[in-house]
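Letters A, B, ... mirror the listed sequences (proteins, then strands); counts begin at 1. The structure presented is a predicted model; accordingly, all values stated were derived computationally and were not measured.
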Amino acid sequence: DTAVSQTPKYLVTQMGNDKSIKCEQNLGHDTMYWYKQDSKKFLKIMFSYNNKELIINETVPNRFSPKSPDKAHLNLHINSLELGDSAVYFCASSFQGQGRDGYTFGSGTRLTVV
Amino acid sequence: AQSVSQHNHHVILSEAASLELGCNYSYGGTVNLFWYVQYPGQHLQLLLKYFSGDPLVKGIKGFEAEFIKSKFSFNLRKPSVQWSDTAEYFCAVNPGNTGKLIFGQGTTLQVKP
């Protein structure tokens with residue numbers, strides 16, 4: 001039973017398209033996150049939601065819009081995709097926004113923009 | 001700005017060698033510290049964490065890390081590595097219990113059989 005599941009696992013799309021990545025967690029966590037891992041494997045937080053409320057919003061282009069319909073789901077929608085958006089996107093979840101007990105990560109979505 | 005620095009970008013060891021990966025962070029307040037491992041093609045898995053108490057933390061798979069507050073360091077160690085330890089290792093800091101994990105740039109560990 002996957003704790004944090006992301007779909008799709010791979011996504012290849014053309015520049016200018018709009019795409020979504022979905023994330024679901026069955027751990028009962030109340031906080032969810034999106035991280036971006038670039039080609040050099042550097043991980044950077046993009047967004048965080050606690051009980052459907054946005055609590056962290058890093059400097060991310062407006063083309064990226066997270067949506068959390070409930071505390072078990074956090075989706076990421078990307079408009080007008082650009083080459084530089086190519087990366088691996090990881091969803092994660094934790095108890096409480098403080099993340100003291102660490103995060104559980106999904107298996108990642110490899111996005112390739114051509 | 002808060003940052004995490006991992007000194008070794010690429011480490012190559014033979015099996016049974018000892019491992020120490022350096023990690024330093026820049027934040028003067030309370031921190032929670034983590035080491036994650038990412039096996040090829042897989043997601044990040046938590047190796048160990050520190051948020052209070054004994055500064056020597058033991059994790060899974062024989063890994064341990066020591067928090068030295070005066071040095072702002074949280075180095076990862078393993079006495080004897082195995083080929084299966086080949087992976088990417090990330091140090092991460094949650095500064096001030098903000099819930100925002102800041103990652104180091106990662107260290108690629110390659111263990112030769």
Side-chain angles (χ1 to χ4, degrees), chain A residues 2-7 9-10 21 23-25 27 29-51 53-60 71 74 87-110, chain B residues 1-6 8-11 21 23 25 29-53 57 59-60 63 65 67 74 86-110:
Chain A
T2 306
V4 180
S5 59
Q6 297 178 227
T7 53
K9 193 174 175 66
Y10 299 96
I21 307 172
C23 180
E24 175 181 4
Q25 54 94 5
L27 298 166
H29 288 163
D30 58 5
T31 306
M32 296 183 73
Y33 312 81
W34 277 110
Y35 278 81
K36 179 180 180 180
Q37 186 175 44
D38 63 23
S39 57
K40 295 183 180 178
K41 300 201 173 178
F42 184 64
L43 277 151
K44 190 172 180 186
I45 192 168
M46 300 172 68
F47 302 103
S48 171
Y49 271 75
N50 177 260
N51 280 320
E53 183 181 343
L54 180 66
I55 55 171
I56 294 175
N57 185 356
E58 291 295 289
T59 308
V60 177
K71 70 176 188 178
L74 180 62
V88 181
Y89 292 84
F90 286 99
C91 178
S93 69
S94 72
F95 279 116
Q96 301 177 357
Q98 296 174 358
R100 287 185 77 204
D101 295 323
Y103 297 55
T104 302
F105 283 83
S107 55
T109 296
R110 182 173 294 276
Chain B
Q2 299 147 1
S3 65
V4 178
S5 176
Q6 292 180 237
N8 321 97
H9 295 294
H10 197 157
V11 174
L21 302 181
C23 174
Y25 63 93
T30 303
V31 291
N32 299 329
L33 299 156
F34 307 86
W35 274 97
Y36 282 87
V37 61
Q38 186 178 26
Y39 297 103
Q42 295 191 27
H43 63 282
L44 287 96
Q45 299 173 39
L46 181 65
L47 271 180
L48 47 79
K49 63 181 187 282
Y50 169 85
F51 49 85
S52 66
V57 179
I60 61 171
F63 286 92
F67 171 48
F74 190 56
T86 294
E88 194 80 20
Y89 291 81
F90 293 93
C91 180
V93 172
N94 174 12
N97 288 327
T98 58
K100 183 171 112 174
L101 268 188
I102 299 172
F103 283 88
Q105 65 269 53
T107 296
T108 303
L109 172 64
Q110 184 181 352

- B/H43 vs A/Q6, side-chain contact (heavy atoms from CB on, under 4.5 Å): CA-CA, chis, key distance, verdict: CA-CA 11 Å; B/H43 63 282; A/Q6 297 178 227; over 6 Å; no
Straight-line distance of [X] [atom1] to [Y] [atom2], nearest 0.5 Å:
X      : Y      : atom1 : atom2 : result
A/L43  : B/Q105 : CG    : CD    : 11.5 Å
A/T104 : B/L46  : OG1   : CG    : 8.0 Å
A/K41  : B/H9   : NZ    : NE2   : 14.0 Å

A/K44, part contacting chain B, at a heavy-atom distance under 4.5 Å
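Neither the backbone nor the side chain of A/K44 comes within 4.5 Å of chain B.
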Bottom line for A/Q37: the part with an atom under 4.5 Å from chain B's heavy atoms is side chain
What one should report as the nearest heavy-atom pair of B/L101 and A/Y35 is CB-OH, 2.9 Å
CD (A/E53) with more than 12 external heavy atoms under 6.0 Å =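 No, CD of A/E53 has 12 or fewer neighbouring heavy atoms, counting only those of other groups under 6.0 Å.
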### Task
Using modelled atom types only, decide if a donor and an acceptor are shared between the side chain of A/Y103 and the backbone of B/L44 within a distance under 3.5 Å.
no
Okay, B/Q38 and chain A: the region with an atom under 4.5 Å from a heavy atom over there is side chain
